[in-house]
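Counting from 1, the numbers follow the sequence of the chain as shown.
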Amino acid sequence: MSLISTAARRTVTRTLRHNSKPLAAPTLPHRANMTIAIFKHIDTSAIPQGVRPWVKVDADATSFKLAEHERPVNNIRGRESEFSTDNSGFAVYKEPANEKTFTDDAAIRNGYYQEIEDLLKKRLPGIKKVVIFDHTIRRRTPDAARTPIQQVHVDQTPAAAEARVRRHLPKDEAEELLKGRFQIINVWRPIENPASDFPLAVIDWRTTKPDDFVPVDLLYPKREDFTNDDRGKEVRPDESKWYSTEGYEVRGETMSVAPSEAHKFYYQKDMTPDEVILLKCYDSWGEGEPQGRDGIAVRTPHTAFIDPQTPPDAPGRQSIEVRCLVFYE
């Protein structure tokens, strides 16, 4: 699939630089179990005709206009048992890690990956194989290669999920595993301090409908040494070129999420480094899929957001997300 033309890109860039005026800060009720925040969604009415929308893996940049919508966000702390990867598409657990700072890539791959595999097998019954194919560390600091993303999205489309299986497993094994149940699970954890600043919000899958999800090309920086593995090679992008596709190529497909009054947003307020949230990116047994089962969540829309209740002196958010292919008996 081709990238957008130079003329179209200029038109899109001008549109992006003049997004609608941000909504005023909401007035909050004095309730600890919820907050009210502004969320950024794809504006499907503003996608140029005949242009395939894109996002970048290394920047909070898109080819489309983002519309802002004010929504209530419910705190699930104390209610964690009500939500699971099967019913809502996400789950929160207290699972302290041996790894604490996440500054050594070798320690993450050789130690933390095993912790994640053990955690998944403990929490999700019936797993026979876990393949960890990626991790991303986000820090809200000026020099960070990756920072929190404020756009409601899902990490993979069904086609991208299947492509991941084929990319990371031998051909014969991949074809056999694709006959059974498989998932992509993103295991998300704060680093060093609670994620009060730019916390993570999720939408309960049960409040979505298929038409809410819009396939979007995922652009990666072109590299001569590309080997299907970007871990440890991230470089902070030049902000002056965020909305240019020069030097980028399509290497994946995500889903942006159109806004809906029906969506129910949740978050784990002041989520700590001893807690994880499992975000389901895809489930081959999800309702509506070829092997789907009624009532099984397919995916979890999620995003970073600004919580008006966050104290001004809260430390900047740091987090790690580990993406896993999960196969079942």
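With S84 contributing its side chain and A91 its backbone, the two residues share no donor-acceptor pair below 3.5 Å. In this structure, R251 contributes its side chain and P221 its backbone to a donor-acceptor pair below 3.5 Å. The backbone N or O of P170 lies less than 3.5 Å from no partner atom in the side chain of E173, so there is not a single donor-acceptor pair. Checked by atom type and distance alone, the side chain of E287 never pairs as donor or acceptor with a backbone atom of G292 at under 3.5 Å. Side chain of S63 to main chain of W54: a donor-acceptor pair is present (N/O by atom type, distance under 3.5 Å, no hydrogens or angles). Checking side-chain atoms of E80 against main-chain N and O of G78 turns up a donor-acceptor pair under 3.5 Å. With hydrogens and angles disregarded, a donor-acceptor distance shorter than 3.5 Å links the side chain of E115 to the backbone of N98. The backbone N or O of A297 lies less than 3.5 Å from no partner atom in the side chain of R299, so there is not a single donor-acceptor pair.
Residues satisfying the salt bridge (charged side-chain N to carboxylate O under 4.0 Å, His left out) criterion with E261, sequence neighbours excluded, are R71. Take D270 and apply the salt bridge (charged side-chain N to carboxylate O under 4.0 Å, His left out) test, not counting sequence neighbours, and it matches no residue. Residues forming a salt bridge (charged side-chain N to carboxylate O under 4.0 Å, His left out) with K100 (at least two apart in sequence, or on another chain): none. Partners of E289 by salt bridge (charged side-chain N to carboxylate O under 4.0 Å, His left out), not counting sequence neighbours: none found. For the side-chain hydrogen bond (donor to acceptor under 3.5 Å, both in side chains) test, residues two or more places apart in sequence or in another chain that qualify with D43 are S45. The side-chain contact (heavy atoms from CB on, under 4.5 Å) test applied to A159 returns T157, E253, not counting sequence neighbours.
A salt bridge links E162 with R166: the closest approach of a Lys/Arg side-chain nitrogen to an acidic carboxylate oxygen falls below 4.0 angstrom.
L279 pairs in a side chain to side chain contact (heavy atoms under 4.5 Å, CB included) with only one of the listed residues (V154, V187, L200), which is L200. Exactly one residue among L325, L120, L119 makes a side chain to side chain contact (heavy atoms under 4.5 Å, CB included) with V130. That residue is L120.
Hydrophobic clustering (ILVMFWY, side-chain heavy atoms < 4.5 Å, transitive): F133 and W188 are in distinct clusters. In this structure, F327 is a member of the same hydrophobic cluster as V298, with clusters built from ILVMFWY side-chain heavy atoms closer than 4.5 Å. Hydrophobic clustering of Ile, Leu, Val, Met, Phe, Trp and Tyr side chains at less than 4.5 Å, counting indirect connections, unites V57 with V216. There is a path of hydrophobic side-chain contacts, each under 4.5 Å, that joins Y113 to V276.
The ring pair (Phe, Tyr, Trp, His ring centres under 6.0 Å) contacts involving residues 136-155 comprise H153-H302, where partners must be two or more places apart or lie in separate chains. Residue pairs meeting the salt bridge (charged side-chain N to carboxylate O under 4.0 Å, His left out) criterion with at least one member in residues 314-326, sequence neighbours excluded, are D134-R323, R138-E321, D155-R323, E321-R323. Annotation: side-chain hydrogen bond (donor to acceptor under 3.5 Å, both in side chains) contacts involving residues 117-126, sequence neighbours excluded, comprise E95-K122, E95-R123, Q114-D118, E117-K121. Legend: salt bridge (charged side-chain N to carboxylate O under 4.0 Å, His left out) pairs involving residues 183-204, not counting sequence neighbours, sorted by first then second residue: R140-D197, D204-R206. Sequence neighbours left out, the pairs with a member in residues 268-290 that pass ring pair (Phe, Tyr, Trp, His ring centres under 6.0 Å) are F182-Y282. Listed by first and then second residue, the ring pair (Phe, Tyr, Trp, His ring centres under 6.0 Å) pairs involving residues 74-101 are F83-F90, F83-Y266 (not counting sequence neighbours).
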### Message
Set out, in order, the CA-CA distance, both residues' side-chain angles and the distance that settles side-chain contact (heavy atoms from CB on, under 4.5 Å) for T208 and F213, then state yes or no.
### Response
CA-CA 9 Å; T208 68; F213 300 98; 3.8 Å; yes
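For the pair K94/T272, no side-chain contact is recorded, criterion being any heavy-atom separation below 4.5 Å from C-beta on. T147 is not listed as a side-chain neighbour of F198, based on a closest heavy-atom distance of 4.5 Å or more.
Taking the six-membered ring where the residue is Trp, F265 and H41 present perpendicular rings, their angle passing 60° and hence far from 30°.
In this structure, a donor-acceptor pair under 3.5 Å is present between the side chains of T35 and D307.
Taken from CD1 in I116 to CD1 in I185, the straight-line distance is 11.5 Å, to the nearest 0.5 Å. In this structure, T62 OG1 and D217 CG are separated by 12.5 Å, a value rounded to the nearest 0.5 Å.
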